[in-house]
Amino acid sequence: MKTIIEPFRIKSVEPIKLNTSNERVGILESAFNNLFLINAKDVIIDLLTDSGTGAMSSQQWAGVMLGDESYAGSNSFIFFEKTIKEMMGFKNIIPTHQGRAAERILFSTMVKDGDYIPSNNHFDTTRANVLEVGAHPYDLVCSEAKDFNSSYPFKGNMDIEKLNAFIKDKGVEKIPLIMLTITNNTGGGQPVSMENIRSVSKLAREHKIPFYLDACRFAENAYFIKLNEKGYSNKSIKEIVKETFSYADGCSVSAKKDAIANIGGFLCTNDDNLAKKKKDLLILTEGFPTYGGLSGRDLEAVAYGLKEVIEEDYLQYRIESTKYLGKKLNELGIPIINPPGGHAIYIDAQKFLPHIPIQHFPGQALACQMYIEGGIRTSEIGSLMFGGKDKDGKIFYAQNELVRLAIPRRTYTQSHIDYVIEVMASIKDKSHKIKGLKIIYESRTLRHFTAKLERV
Ligand code: F0G
């Protein structure tokens with residue numbers, strides 16, 4: 001059959017409360033045009049993030065009941081550790097309460113003031129954690145990533161020549177680790193090819209620089225490799241995942257993405273000495289190394305989620321359903337990053353709303369309009385998130401003004417996505433009327449979470 005169906009049935013449902021556009025205007029005003037500040041009950045379709053918002057399976061819920069809540073050496077940890085070791089092949093597995101906790105421990109133990117950390121693109125929490133220890137995050141994504149219309153299938157790739165030049169320029173002693181984000185969330189959820197992972201690894205090993213993957217969406221990345229990279233169409237996702245991690249010295253993972261859990265994360269490393277240091281820090285702030293800020297039931301949910309996320313029927317549905325939304329927006333003439341990524345569609349708000357200058361946040365303006373029009377919550381990935389003021393008080397802007405429609409895993413059906421498409425068609429007809437915004441309050445770091453804005 002040609003129709004790709006959701007490979008699951010629904011056993012438990014969560015009602016969605018429908019509200020009116022007039023009500024939403026008031027709600028948004030009281031939230032100062034920041035969608036992070038509105039209540040979830042006031043949202044009809046929540047595409048703010050794919051993080052922690054997936055629907056767990058009956059097997060995962062059964063695991064929740066099996067959770068062993070012993071402080072030390074619980075069965076749930078043994079299962080969690082074994083699952084990750086078998087799947088990813090690392091020697092030391094350190095549980096954390098979510099991805100950014102793994103990042104904080106990774107950078108606090110390996111990076112010092114004045115160091116440089118290259119990546120394809122750092123995600124916002126990775127960037128903030130690098131900056132927090134006084135180091136400098138650098139984005140070295142390939143040039144194809146900048147052309148939103150190119151059909152290049154691996155726009156998440158690191159530019160190897162740039163990385164080589166970067167190592168020569170900054171010096172090996174100033175680069176304590178190289179990171180690579182799979183898939184590249186900030187760059188449009190674009191995958192990284194196996195060839196690129198291998199090349200980064202080779203360069204890192206030549207210079208004896210540790211190589212870490214930010215692997216939140218490793219399974220989606222593996223599926224794209226299977227679909228689009230020569231030599232991988234007959235390999236299983238399990239094999240592709242194993243090969244991916246074999247090139248790295250460790251990884252940080254948010255289990256809220258490709259482990260389809262509502263909370264959780266982990267840090268892996270092959271370096272036993274480093275693992276000891278990381279565990280000491282873990283004990284200080286997260287918890288004992290066999291639970292690391294999670295309950296036994298969370299560890300069970302993560303472990304089962306990891307087993308389910310590499311099933312090909314699931315990945316086919318996942319990637320195809322994101323592609324469906326992208327295809328329909330392309331047909332409407334709404335500019336998006338092509339080809340569609342794994343977990344989200346990114347609208348190019350600067351191109352869609354050319355009458356709004358970047359200092360008035362076209363991405364945020366579009367995100368607000370999507371809420372008013374259809375109760376859809378999305379996130380701006382533009383100058384509200386990545387812009388700000390430098391040390392001298394000079395204002396800087398992001399490279400792109402995007403709006404991300406992140407698709408929670410196994411949560412919405414095709415009719416929900418068709419509704420989103422209808423809302424976008426309606427916005428397109430009156431897009432020239434949408435007004436920009438200005439900031440009236442912002443915090444020191446990660447300002448997009450709490451900023452207050454008003455219409456200009
Ligand atoms: N790395 C990447 C690539 C991410 O996308 C995220 C989270 C993290 C690290 C941090 O993980 O949230 O568990 O602490 N991304 C979410 C998002 C928040 O909406 O894309 P966390």
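Remember, it's 1-based here, ligands and their atoms both numbered in the order they're listed. This chain uses plain numbering: 1 for the first residue, then up along the sequence.
Annotation: atom 1 (N) of ligand 1 to nearest protein heavy atom, Asp214 OD2, 2.8 Å. Here the heavy atom of the protein found nearest to atom 21 (P) of ligand 1 is Gln98 NE2, 3.3 Å. Looking only at heavy atoms of the protein, atom 4 (C) of ligand 1 is closest to Phe123 CD2, 3.4 Å.
One side chain, Ser57 or Glu308, offers a donor N or O that lies under 3.5 Å from an acceptor on the other.
Close approach of ligand 1 to Lys256 is summarised as follows: ligand atoms under 4.0 Å from at least one heavy atom of the residue are 13 (O). Taking a cut-off of under 4.0 Å to the non-hydrogen atoms of Thr181, the atoms of ligand 1 that pass are 3 (C).
Paired with Arg377 under the rule side chain to side chain contact (heavy atoms under 4.5 Å, CB included), one option of Ile45, Val43, Leu405, Leu47 passes, and it is Val43.
Inclusion of Arg217 in the set of residues having an N or O under 3.5 Å from an N or O of ligand 1 is warranted. Note: an N/O pair closer than 3.5 Å links Gly99 and ligand 1 by distance alone. Residue contacts with ligand 1: Thr125 is placed with no nitrogen or oxygen under 3.5 Å of a nitrogen or oxygen of the ligand (distance criterion only). Of the polar atoms of Thr183, none of the N or O atoms is found under 3.5 Å from an N or O of ligand 1, judged by distance alone.
Atom 13 (O) of ligand 1 has its nearest heavy-atom neighbour, among Ala101, Ser254, Ala406, Gly265, in Ser254. The residue from Glu103, His122, Arg100 that puts a heavy atom closest to atom 9 (C) of ligand 1 is Glu103. Between atom 15 (N) of ligand 1 and the options Arg404, Lys257, Arg104, the minimum heavy-atom separation is to Lys257.
Heavy atoms from other residues, nucleotides or ligands lying under 6.0 Å from CZ of Arg447 number more than 12.
For the pair Ala301 and Gln60, the tightest heavy-atom approach, listed with the atom from each and the gap, is O-NE2, 2.9 Å.
Considering only residues two or more places apart in sequence or on other chains, Lys91 meets the side chain to side chain contact (heavy atoms under 4.5 Å, CB included) condition with Asn270, Asp272. Applying the side chain to side chain contact (heavy atoms under 4.5 Å, CB included) rule to Thr411 yields the partners Ala55, Pro408; only residues at least two apart in sequence or on another chain are considered.
A cation-pi arrangement, defined by a distance under 6.0 Å to the six-membered ring centre and an angle within 45 degrees of its axis, is present between Lys170 and Tyr116.
In this structure, Asp50 contributes its side chain and Ile407 its backbone to no donor-acceptor pair below 3.5 Å.
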